[in-house]
Amino acid sequence: MTDAIVIGGGQAGLAATHALLAQGLRPTLLEAGDEPVGSWPRYYDSLHLFSPARYSTLPGLAFPGDPDRYPRRDEVVDYLRTYAKSLDADIRTGHRVTAVTHDGDRFTTQVQDEQPLSAPIVIAATGAFSSPHQPALPGLDRFTGRVLHSSEYRDPAPFAGQRVVVVGAANSAVQIAVDLAPHARVTLATRAPVRYTNQTPLGRDAHFWLTVSGYDALPIGPWLGTQPSMPVLDTGTYRAAVDAGQPDQRRMFTAIDGNTVTWPDGSAEDVDSILLATGFRPGVSYLTSLGALDAKGAPRQRRGLSTTHSGLGYVGLEWQRSFSSASIRGVGRDAAYVVRRLARRRG
């Protein structure tokens with residue numbers, strides 16, 4: 001018998017499992033992949049965290065090594081793997097949830113090629129990597145070159161010598177464009193100028209100031225009408241590269257004909273690949289038949305608690321409660337909040 005089902009074995013799901021155990025509940029975590037490390041192994045090779053290790057932790061386990069370094073992708077994978085092993089919980093890998101139903105006071109998860117599992121509490125913690133966002137851009141549907149999302153990017157090798165346009169203005173877009181620039185001719189295409197913020201104001205990492213000011217955990221998410229765009233955290237490296245034209249930055253293209261891209265100044269050129277670093281949407285399509293999502297597929301929730309079903313919660317959504325809700329450093333706070341309230345409703 002399980003008291004709660006957690007869907008997703010990345011940072012959010014592991015934090016939710018930890019919070020459930022702290023409440024004396026018996027959770028079962030269902031992860032679609034081969035191990036409970038979320039989507040981190042599928043991120044691009046050069047990815048590193050924008051927060052130092054000391055601020056990139058889940059409840060109960062510090063990130064090993066130099067606390068002031070910015071951990072790379074594989075270090076995060078190792079950390080999550082270690083964290084999962086530290087939990088005394090039923091963690092089932094290779095369990096992809098396809099649908100969730102509700103009958104009375106219990107939820108039932110339908111799992112691909114496995115038996116259904118039921119519990120009075122379900123926490124959706126699958127993140128957004130499985131649901132990349134592709135905006136409507138002029139002529140993109142007629143582009144005859146290669147179009148891919150940042151979720152498909154791994155390293156520069158396949159783009160060597162190509163003409164590449166990276167679309168986006170946030171951290172991942174700039175990081176990928178700078179990563180590609182030594183190997184390809186790259187343009188960073190944006191709707192507005194890239195906004196930078198100093199990674200180390202007054203000699204301390206920005207996350208130090210976010211923490212001591214209390215802003216990082218300020219529960220303002222539910223009051224935001226529109227989620228604000230985030231500036232690029234920069235020690236000077238990214239701005240210097242863009243200012244030097246490696247990559248160059250231009251406003252969004254206005255048209256595409258075949259593989260020819262037209263820029264706002266009327267100039268046109270052939271492009272081999274367009275890479276969309278345009279973000280993600282919540283990957284919770286398995287809740288569609290439950291009626292827990294709005295017309296756009298977003299969870300109907302407030303502070304991580306479903307507004308349609310008592311017993312259903314979320315962890316890891318952007319701005320779920322605060323600026324850090326979708327980050328390693330923030331999911332633990334949100335998980336504890338959601339689990340306390342779900343347990344109270346159940347009791």
Side-chain angles (χ1 to χ4, degrees), residues 39 42-47 50 128-197 226-234 236-283 296-298 318 326:
S39 300
R42 291 181 282 158
Y43 291 142
Y44 49 94
D45 292 353
S46 64
L47 176 69
F50 289 91
F129 190 82
S130 64
S131 185
H133 173 58
Q134 179 172 316
L137 297 176
L140 187 63
D141 57 337
R142 299 187 298 277
F143 182 58
T144 56
R146 182 186 182 192
V147 178
L148 71 159
H149 192 269
S150 60
S151 59
E152 302 169 87
Y153 176 74
R154 294 295 176 272
D155 62 75
F159 304 90
Q162 289 191 7
R163 181 69 177 99
V164 181
V165 175
V166 177
V167 176
N171 282 299
S172 292
V174 174
Q175 193 176 83
I176 289 172
V178 171
D179 191 44
L180 277 169
H183 309 275
R185 192 158 62 91
V186 183
T187 290
L188 184 64
T190 66
R191 297 188 187 279
V194 174
R195 296 187 299 118
Y196 301 93
T197 190
T226 302
Q227 294 180 3
S229 60
M230 295 293 103
V232 174
L233 283 172
D234 187 23
T237 302
Y238 296 131
R239 184 194 292 267
V242 174
D243 288 349
Q246 295 294 322
D248 74 334
Q249 182 189 354
R250 306 186 195 182
R251 292 296 174 269
M252 189 63 61
F253 47 80
T254 58
I256 294 177
D257 183 10
N259 70 332
T260 302
V261 169
T262 301
W263 299 103
D265 63 1
S267 63
E269 61 179 324
D270 292 344
V271 168
D272 298 297
S273 300
I274 296 177
L275 194 155
L276 304 172
T278 48
F280 301 84
R281 296 294 183 265
K296 295 182 179 180
E318 292 278 355

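Salt bridge status for Arg146 with Glu152: absent, with no side-chain N to carboxylate O gap under 4.0 Å.
In this structure, Ala169 and Val194 approach most closely via the heavy-atom pair O-CG1, 3.9 Å. Gly283 approaches Ser130 most closely through the heavy-atom pair CA-OG, 3.9 Å. Closest approach of Arg191 and Ala136 over heavy atoms only: NH2-O, 4.1 Å.
Remark: Phe253 engages no residue in a ring-ring contact (aromatic ring centres under 6.0 Å, His included) (not counting sequence neighbours).
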Side-chain donor-acceptor contacts of residues 255-262 below 3.5 Å, not counting sequence neighbours, with atom names and distances?
unit_1 : atom_1 : unit_2 : atom_2 : d
Thr260 : OG1    : Asp270 : OD1    : 2.8

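Test Phe129, Phe280, Tyr43 against Ser150 for side-chain contact (heavy atoms from CB on, under 4.5 Å) and you get one pass: Phe280. Considering Leu188, Val178, Leu276 in turn, Leu188 is the only one that fulfils the side-chain contact (heavy atoms from CB on, under 4.5 Å) rule with Val166.
Between the Arg185 side chain and the Arg163 main chain, no donor and acceptor come within less than 3.5 Å of each other. With hydrogens and angles ignored, the 3.5 Å screen pairs no side-chain donor or acceptor of His183 with any backbone N or O of Gln162. Under a 3.5 Å cut-off, the side chain of Thr278 and the backbone N or O of His133 do form a donor-acceptor pair. Side chain of Asn171 to main chain of Leu233: a donor-acceptor pair is present (N/O by atom type, distance under 3.5 Å, no hydrogens or angles).
Between Val242 and Pro247, some side-chain heavy-atom pair lies under the 4.5 Å cut-off.
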Would you please test Phe143 and Leu137 for side-chain contact (heavy atoms from CB on, under 4.5 Å) and show each step?
-> CA-CA 11 Å; Phe143 182 58; Leu137 297 176; over 6 Å; no
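Rounded to the nearest 0.5 angstrom, Leu148 CG and Gln134 CD are separated by 10.0 Å. Rounded to the nearest 0.5 Å, atoms OG (Ser172) and CG (Asp179) are 11.5 Å apart.
Screening residues 236-249 for side-chain hydrogen bond (donor to acceptor under 3.5 Å, both in side chains), with sequence neighbours left out, gives Gln175-Tyr238, Thr187-Asp248, Thr190-Gln249, Thr235-Thr237, Asp248-Arg250.
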